[in-house]
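Scope of the values below: all heavy atoms of this structure, side chains included, with no hydrogens, waters or symmetry mates. If you read the sequence from its start, that first residue is 1, and numbering goes on from there. For clarity, every value in this text was computed on a predicted model and none was experimentally measured. In each ligand, atom 1 is the first atom listed, and ligand 1 is the first ligand listed.
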Amino acid sequence: MSQTAIRTENLSRRFGRVTAVSDLGLEVPAGRVCGFLGPNGAGKTTTIRILLGLIRPDRGNSAIFGHDVRKARRAALTGVGSLVETPAHYLNLTGRENLEITRHLLGLPKTATDRALEQVGLTEAANRKVKGYSLGMRQRLGLARALIDTPKLLILDEPTNGLDPAGIHEMRNLIREAPDRFGATVLVSSHLLGEVEQTADHVALMDRGRLLFQDTLDNLHAAHPGGLEIRTDRAAEAAERLKTRHADARAEEGRVILPGAHDATEIAALNRELVEAEFDISGLRTLKPSLEDLFMKLTRRLGDQS
Ligand SMILES: Nc1ncnc2c1ncn2[C@@H]1O[C@H](COP(=O)(O)OP(=O)(O)OP(=O)(O)O)[C@@H](O)[C@H]1O
């Protein structure tokens with residue numbers, strides 16, 4: 001089996017004059033949770049719909065575990081569970097009855113329904129009608145439907161949309177645990193960059209149809225270090241002093257920020273210098289940039305190039 005769960009090449013799709021996806025080369029490694037990120041209109045849903053064979057690209061290819069989605073659709077989509085937008089359920093049927101329909105359609109054994117209900121924590125509510133379910137429970141039922149066929153790939157489009165904080169928390173845990181508990185690779189889209197930071201180990205950032213970055217979150221952070229925070233009593237004065245060697249040093253409410261990467265030797269030397277100059281140092285901390293900061297940086301760079 002290929003170690004790449006999803007691979008797209010030069011994938012492009014327009015809607016009239018709008019380029020929704022442009023030359024997308026997405027690569028999602030197997031066994032990971034990949035956050036598929038970007039603001040509204042970035043092209044995430046269009047990409048997901050192409051991957052699921054729901055719409056055709058104008059150009060390019062997409063493959064799931066090595067099977068071309070257009071040429072070998074059945075092989076590509078077997079073992080793919082998806083949750084795209086708000087899932088539609090039969091409201092007058094119970095959660096279990098809804099899942100039973102899917103199970104019959106897929107020809108799965110009876111145990112599959114109970115297992116899926118258990119996986120999403122709906123066992124106790126299984127015999128209640130869905131019209132009495134909260135939005136979070138309906139979303140979990142949608143996920144149970146995606147999980148019923150023990151998928152090797154789960155594609156989730158904005159799965160926390162409209163959920164309350166408790167629902168978001170539950171959904172996050174389910175996603176984070178999917179590789180270990182179900183052996184599934186997950187592609188999860190979101191426009192909330194901070195949210196995905198808590199579930200994904202791999203990210204693909206999109207904006208205006210284009211891929212800005214894809215790699216592990218660790219590599220993303222390593223490539224874009226946040227900086228060093230020095231907590232001190234006279235921040236403005238300390239920043240001025242450090243500017244002779246660190247031109248971008250800046251003072252902010254009781255602290256100096258030195259952008260970029262700084263190794264242990266350098267941090268120790270900075271500390272010594274400030275202490276010798278009689279500054280009170282109450283803390284030294286390496287800052288991680290938020291995904292939002294990185295996204296702004298990457299979009300700005302892209303804007304400069306075009
Ligand atoms: N069926 C369609 N007809 C016309 N335009 C479309 C259609 N689907 C998507 N678009 C346009 O393509 C662009 C990308 O949309 P897409 O839904 O893929 O983005 P997204 O990243 O999923 O954003 P969102 O988070 O808002 O769903 C947008 O400008 C959107 O308006």
Side-chain angles (χ1 to χ4, degrees), residues 5-28 33-64 69-70 76-77 80-88 135-136 138-139 142-143 146 153-164 167-168 171-172 175 185-200 202-215 217 220 290-303 306:
I6 298 174
R7 187 194 304 276
T8 74
E9 282 170 354
N10 306 112
L11 206 65
S12 303
R13 170 73 201 221
R14 296 174 69 95
F15 293 103
R17 296 172 66 178
V18 176
T19 302
V21 176
S22 177
D23 273 329
L24 182 72
L26 181 69
E27 219 169 286
V28 178
V33 175
C34 175
F36 192 27
L37 301 169
N40 293 122
K44 307 178 299 292
T45 303
T46 304
T47 305
I48 286 176
R49 290 173 69 208
I50 294 172
L51 287 172
L52 294 172
L54 301 172
I55 54 170
R56 283 170 166 252
D58 298 328
R59 273 193 299 125
N61 308 305
S62 51
I64 295 179
V69 173
R70 284 174 69 190
L77 297 181
V80 178
S82 64
L83 183 60
V84 179
E85 282 136 25
T86 313
L135 201 59
R138 291 178 194 199
Q139 201 72 344
L143 186 61
L153 173 65
L154 266 176
I155 298 183
L156 311 174
D157 193 15
E158 304 269 3
T160 54
N161 251 5
L163 298 187
D164 62 14
I168 291 174
M171 187 58 79
R172 257 189 217 149
I175 294 168
T185 303
V186 185
L187 179 72
V188 52
S189 84
S190 181
H191 62 281
L192 303 172
L193 287 86
E195 180 188 306
V196 166
E197 210 161 8
Q198 303 184 39
T199 47
H202 193 95
V203 288
L205 282 178
M206 261 189 107
D207 186 38
R208 289 170 286 168
R210 292 195 275 179
L211 190 67
L212 301 183
F213 177 92
Q214 62 180 337
D215 203 340
L217 213 44
L220 179 63
S290 69
L291 266 181
E292 266 91 358
D293 293 343
L294 290 176
F295 184 77
M296 293 311 293
K297 213 164 132 181
L298 290 166
T299 40
R300 233 177 285 134
R301 186 176 309 161
L302 198 78
S306 54

Pro39: numbered ligand 1 atoms lying under 4.0 Å from its heavy atoms: 21 (O)

Ligand 1 atoms in contact with Glu158 (distance to a heavy atom under 4.0 Å): 25 (O)

Steps toward side-chain contact (heavy atoms from CB on, under 4.5 Å) verdict (Asp157, Arg49): CA-CA 10 Å; Asp157 193 15; Arg49 290 173 69 208; over 6 Å; no

Would you check the N or O atoms of [X], main chain and side chain alike, for any that come under 3.5 Å of an N or O of ligand 1?
X	answer
Gly43	yes
Arg49	no
Ala42	yes

Asp23 backbone acceptor or donor facing Arg210 side chain under 3.5 Å: no

Side-chain donor/acceptor of Ser190 to backbone N/O of Leu37, under 3.5 Å: no

Give the residue and atom name of whichever protein heavy atom lies nearest to [atom], and the separation in Å to one decimal.
atom	result
atom 17 (O) of ligand 1	Thr45 CB, 3.6 Å
atom 29 (O) of ligand 1	Val18 CG1, 3.5 Å
atom 12 (O) of ligand 1	Ala20 CB, 3.3 Å
atom 6 (C) of ligand 1	Phe15 CD1, 3.3 Å

Min side-chain heavy-atom separation Pro159-Val188 under 4.5 Å: yes

Among Leu24, Ile6, Leu52, the one residue meeting side-chain contact (heavy atoms from CB on, under 4.5 Å) with Thr47: Leu24

Nearest neighbour of atom 13 (C) of ligand 1 from the list Ser189, Gly41, Gly38, on a heavy-atom basis: Gly41

Nearest candidate to atom 25 (O) of ligand 1, where distance is taken over non-hydrogen atoms, out of Leu37, Asn40, Thr46: Asn40

Sub-4.0 Å heavy-atom contact, Gly16 with ligand 1: no

Heavy atom of protein inside 4.0 Å of atom 2 (C) of ligand 1, strictly below: yes

Steps toward side-chain contact (heavy atoms from CB on, under 4.5 Å) verdict (Gln214, Leu26): CA-CA 8 Å; Gln214 62 180 337; Leu26 181 69; 3.7 Å; yes

His191, portion touching ligand 1 at heavy-atom distance under 4.0 Å: neither

Over all atoms of both residues, closest heavy-atom pair of Thr46 and Ala20: OG1-CB, 3.7 Å

Nearest atoms (heavy-atom pairs only) where Ala76 meets Ile64: O-CG2, 3.4 Å

Check: Asp58/Ser12 side-chain N/O donor and acceptor closer than 3.5 Å: no

